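Structure first, commentary second.
Since this is a predicted model, take the numbers as computed values, not measurements. Here is the naming used below: chain letters follow the sequence lines, and residue numbers restart at 1 for every chain.
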Amino acid sequence: MAKVKVGIPQGTRDFGPDVVRKRNYIFNTIRNVFELYGFQPLETPAMENLDTLLGKYGDEGDKLIFKILNNGLNDPSNIDKAKAAFENVLKGKNDRDLTERALKYDLTIPFARYVAMNHNQLSFPFKRYQIQPVWRADRPQKGRYREFYQCDADVVGSNSLLNELELALIYHQVFNQLGIKHYELRINHRKILTALAELCGGAERMNDIAVSIDKLDKIGLEKVKDELKTKGLNEKQLGVIEKYLGIGGNNAEKINAVNDLIGANESGKKGIGEIKYLINAEPGPLNSPLIIDFTLARGLNYYTGTIFEAKAPPEIKIGSIGGGGRYDDLTGLFGVPNIPGVGISFGVDRIYDVMEELNLFPAEVHVGIQVLFFNLGENESKAAFSLMQQLRGKNTRCELYHENVKFDKQFKYAEKKNIPYAIIIGSKELEEKSCTIKNLLQGSQQTISHQELLNYDF
RNA sequence: GUAGCCAUAGCUCAGCUGGUUAGAGCAUCAGAUUGUGGUUCUGAGGGUCGUGGGUUCGAACCCCAUUGGUUACCCCA
């Protein structure tokens, strides 16, 4: 027997039964909270037209889009076109004659595309949630996969800050229900970053500046300044940056400090006002760990307002487990202007890793089958089968062992599959129309009638 | 795209500065135990040491290439 080499693509994973159960536990928790807040489900295709995705995630993002090769390239009548297209691609361009579809990179842009296509039928504000896989052609490493799930909730067609507030509360509620303590929900505002950029030579510098200051806690102040110097900032501008990065203290102190620095700027004023609203409006009961972090930038360049980032507990070096923000005009990219929106996303795969490391999955997650009927022969198993079907009718998950083998084996099977109850019907029980029920966790057993079994509380 | 580390039984790994026939634990199967598991004991199967080449009297070990995995940078969930 030759060993066939089998495998799955880099950065993808199979999920065995135990893992799927645990993942579903996370999905269900998130879905329930989304529904509680009035969001409705939506699904979009795995692939989109390449044009829909390109240019939405920045240059780095574009490189990470998985492109799908067109079919029919070997058709003789297309062969010259295909060759020319390939030449184009080698030069770093995209060519529709070679690839015109791509796997989706996130859920937000496909959602914007959906809203643009259906804005006449939708009633606004439109609140949707979406739980689907996305694909990125990244190098896999810890907490980073090429196929992973996002759980998004977005509201479009509303400028109200109430939406931001609700989305922040969703973060709290989901993480609390999952038992994840010590996570951080950091917020910032793109307009504050814009104001900073305007003080440092122009709004168009915002992305450069944001990318650099985002690295503060990783590489330190001096290196951030070095990096910005090479990007063309002068000493005076670096001074402003240094002051900005030096802002510390609690949320109120941070707001005062940033107000001194950029409060005179129009964008700055607006951004600060909105952040202030969120900090003060935040209801007390959840005792939120809402943290203002002026270095928070977030890469996706469609954000224009508040930005969120949910960070894993610091003892787990996995970074961000969710993120989101406000975008003024996402559908404008698809020809439908003036539909503002705001949304958040949960990274389920990373949340899973966090929960696994912190041992947060409840034991009940693992219980699949509740009852195993032992197989003790043809007539015995007939009786067992009939009882089993009645139990199934009462919504009890059960199974009959598939062949008549030694007890030993049947017990071990039950143990391995975490089945809490075994039901034994042998010749004796068959005769007196009873059955022996054994609690495998406690080791106790009793003989009861069929009727008692059907009313048993598993 | 750049860099480091790893690859030995189904799984986790050991294997001395290169030296006969490559080991352990777990798992699997069989028996002790024909209607009562989880413990224990006994035994068995299972490896062209990722692949290809080179150095050597001799390679799991050294060198080169290649494939796969993993971690970090970039970027990100």
Side-chain angles (χ1 to χ4, degrees), chain A residues 1-3 5-13 16 26 30 57-65 92 105-108 131-152 183 207 210-212 214-215 218-219 223 227 296-301 308-312 316-324 344-354 372 374-377 380 401 404-430 435-447:
Chain A
M1 240 200 328
K3 249 189 201 167
K5 254 195 275 172
V6 290
I8 53 176
Q10 195 180 32
T12 65
R13 296 148 300 157
I26 301 175
I30 294 174
Y57 309 109
D59 291 342
E60 288 300 319
D62 280 357
K63 284 186 205 156
L64 299 181
I65 294 173
Y105 179 91
D106 73 352
L107 302 179
T108 307
I131 299 179
Q132 289 192 273
V134 301
W135 293 268
R136 295 185 188 179
D138 220 342
R139 277 297 164 85
Q141 52 186 269
K142 188 178 181 189
R144 180 178 300 196
Y145 309 98
R146 287 186 149 182
E147 178 185 64
F148 62 97
Y149 270 74
Q150 290 193 327
C151 305
D152 277 30
Y183 71 93
N207 255 323
V211 165
S212 295
D214 197 37
K215 295 179 190 164
K218 223 180 226 170
I219 63 176
K223 289 202 168 157
E227 203 175 303
L296 178 63
R298 298 202 49 78
L300 301 174
N301 53 9
F308 295 105
E309 179 158 285
K311 281 194 134 174
I316 302 184
K317 297 193 196 86
I318 207 166
S320 173
I321 51 176
I344 57 168
S345 180
F346 288 88
V348 170
D349 302 80
R350 285 191 180 174
I351 290 173
Y352 180 96
D353 292 344
V354 168
L372 179 71
F374 275 31
N375 189 327
L376 301 185
E380 290 86 345
Y401 197 83
N404 178 11
V405 293
K406 293 199 305 188
F407 262 51
D408 189 54
K409 260 197 131 170
Q410 307 200 33
F411 270 122
K412 279 187 175 150
Y413 179 82
E415 193 191 333
K416 213 180 273 176
K417 289 188 90 169
N418 247 316
I419 302 171
Y421 291 97
I423 296 199
I424 300 162
I425 298 173
S427 49
K428 199 173 66 191
E429 288 89 351
L430 200 58
C435 58
T436 297
I437 176 165
K438 176 157 184 163
N439 182 325
L440 296 176
L441 304 175
Q442 298 166 6
S444 59
Q445 70 178 52
Q446 54 180 318
T447 301

What is the nucleic acid contact for A:V348, judged by heavy atoms within less than 4.0 Å: base, sugar-phosphate only, or nothing?
-> nothing
Nearest-angstrom distance from the residue atom NZ of A:K409 to C1' of B:C29 | 8 Å
Just how far, in rounded Å, is P of B:C76 from OH of A:Y149?
-> 24 Å
Establish whether the base of B:C76 is bridged to the side chain of A:R136 by a donor-acceptor pair shorter than 3.5 Å.
-> no
Using whole Å, report how far NZ of A:K142 lies from P of B:C73.
-> 12 Å
Spacing of the P atoms in B:G15 and B:C62 (rounded, Å) = 12 Å
Mind checking the C1' distance from B:G23 to B:U66? Whole angstroms is fine.
-> 29 Å
Using atom CD1 of A:I318 as one end and atom C1' of B:A77 as the other, report the distance to the nearest whole Å.
-> 9 Å
Could you work out the separation of B:U12 and B:U8 based on their C1' atoms and round it to a whole Å?
-> 12 Å
Roughly how far apart, to the nearest Å, are B:U70 and B:G53 at atom C1'?
-> 26 Å
Neighbour count >12 (heavy atoms, 6.0 Å) for atom NZ, A:K428 = no
Quote, to the nearest angstrom, the P distance that separates B:C49 from B:A60.
-> 7 Å
Is the side chain of A:R136 donor-acceptor paired with the backbone N or O of A:Y145 at a distance under 3.5 Å, no angle test?
-> no
Sequence neighbours excluded, which residues qualify as salt bridge (Lys or Arg N to Asp or Glu O under 4.0 Å) partners of A:E415?
-> none
Can you tell me, in whole Å, how much space there is between the C1' of B:G38 and that of B:C73?
-> 49 Å
Considering only side-chain heavy atoms of A:Q10, which listed nucleotide, B:C75, B:G69, B:A77, is closest?
-> B:G69
Mind checking what makes ring-ring contact (aromatic ring centres under 6.0 Å, His included) contact with A:F148, not counting sequence neighbours?
-> none
With A:E429 via side-chain hydrogen bond (donor to acceptor under 3.5 Å, both in side chains) - residues at least two apart | A:T436
Return the set of residues passing side chain to side chain contact (heavy atoms under 4.5 Å, CB included) with A:Q10 (not counting sequence neighbours), or none when no residue passes.
-> A:P140, A:R146
side-chain hydrogen bond (donor to acceptor under 3.5 Å, both in side chains) partners of A:R139, counting only residues at least two apart | none
Which is true for A:G61 with a 4.0 Å heavy-atom rule: it touches a base, it touches only sugar-phosphate, or it touches nothing?
-> nothing
Would you call A:K63 and A:D59 a salt bridge, using N to O less than 4.0 angstrom?
-> no
Look for any protein N or O under 3.5 Å of an N or O in nucleotides 1-7 of chain B and output each such pair with its distance, or none.
residue	atom	partner	partner atom	Å
B:U2	O4	A:R139	NH1	2.9

How do A:G11 and A:Q150 order along RNA chain B: which one's closest nucleotide is nearer the 5' end?
-> A:G11
Just call it for A:Y145: base, sugar-phosphate, or nothing, with non-hydrogen atoms closer than 4.0 Å on any strand.
-> base
Roughly how many Å is it from CZ in A:F148 to C1' in B:C76, rounded to a whole number?
-> 8 Å
Please measure how far the P atom in B:C61 lies from the corresponding atom in B:G54, and state the result in whole Å.
-> 14 Å
With sugar-phosphate meaning primed atoms plus P, OP1 and OP2, does A:S345 contact a base, only sugar-phosphate, or nothing at under 4.0 Å between heavy atoms?
-> nothing
Backbone of A:R13 reached by a side-chain donor or acceptor of A:E147 within 3.5 Å | no
Output all residues satisfying ring-ring contact (aromatic ring centres under 6.0 Å, His included) with A:F374, sequence neighbours left out; order by chain, then residue number.
-> A:F407, A:F411
Could you tell me the separation between the CD1 atom of A:I131 and the C1' atom of B:A77, rounded to a whole number of Å?
-> 15 Å
Mark yes or no for whether A:N375, through its side chain, and A:Y401, through its backbone, hold a donor-acceptor pair below 3.5 Å.
-> yes
Return no unless some side-chain N or O of A:Q141 is found under 4.0 Å from OP1 or OP2 of B:A72.
-> yes
A:D62: partners by salt bridge (Lys or Arg N to Asp or Glu O under 4.0 Å), with sequence neighbours left out | none
Which nucleotides of nucleotides 33-39 of chain B have their base under 4.0 Å from a protein heavy atom (B), which only their sugar-phosphate (S), and which neither (-), written as one string 5' to 3'?
-> --BBBB-
Set of side-chain hydrogen bond (donor to acceptor under 3.5 Å, both in side chains) partners for A:Y413, sequence neighbours left out | A:E399, A:K417
Please work out the stems of RNA chain B from pairs that are Watson-Crick or G-U wobble with both distances under 3.5 Å, keeping only runs of three or more consecutive pairs.
-> B:1-7 with B:67-73, B:10-13 with B:23-26, B:28-32 with B:40-44, B:50-54 with B:62-66
For A:D59 and B:C75, what is the distance between atoms CG and P respectively, to the nearest whole Å?
-> 12 Å
Sorted by chain and residue number, the salt bridge (Lys or Arg N to Asp or Glu O under 4.0 Å) partners of A:K215 (sequence neighbours excluded) come out as A:E227
In whole angstrom, give the distance that lies between atom CZ of A:R13 and atom C1' of B:U70.
-> 15 Å
Indicate whether A:F346 forms a stack on B:A77; treat it as stacked only if centroid distance is below 5.5 angstrom and interplanar angle below 30 degrees.
-> no
Sticking with atom P, work out how far B:A22 lies from B:A9, rounded to a whole angstrom.
-> 14 Å
When we call it a touch if two heavy atoms are under 4.0 Å apart, what does A:K215 touch: a base, just sugar-phosphate, or nothing?
-> sugar-phosphate
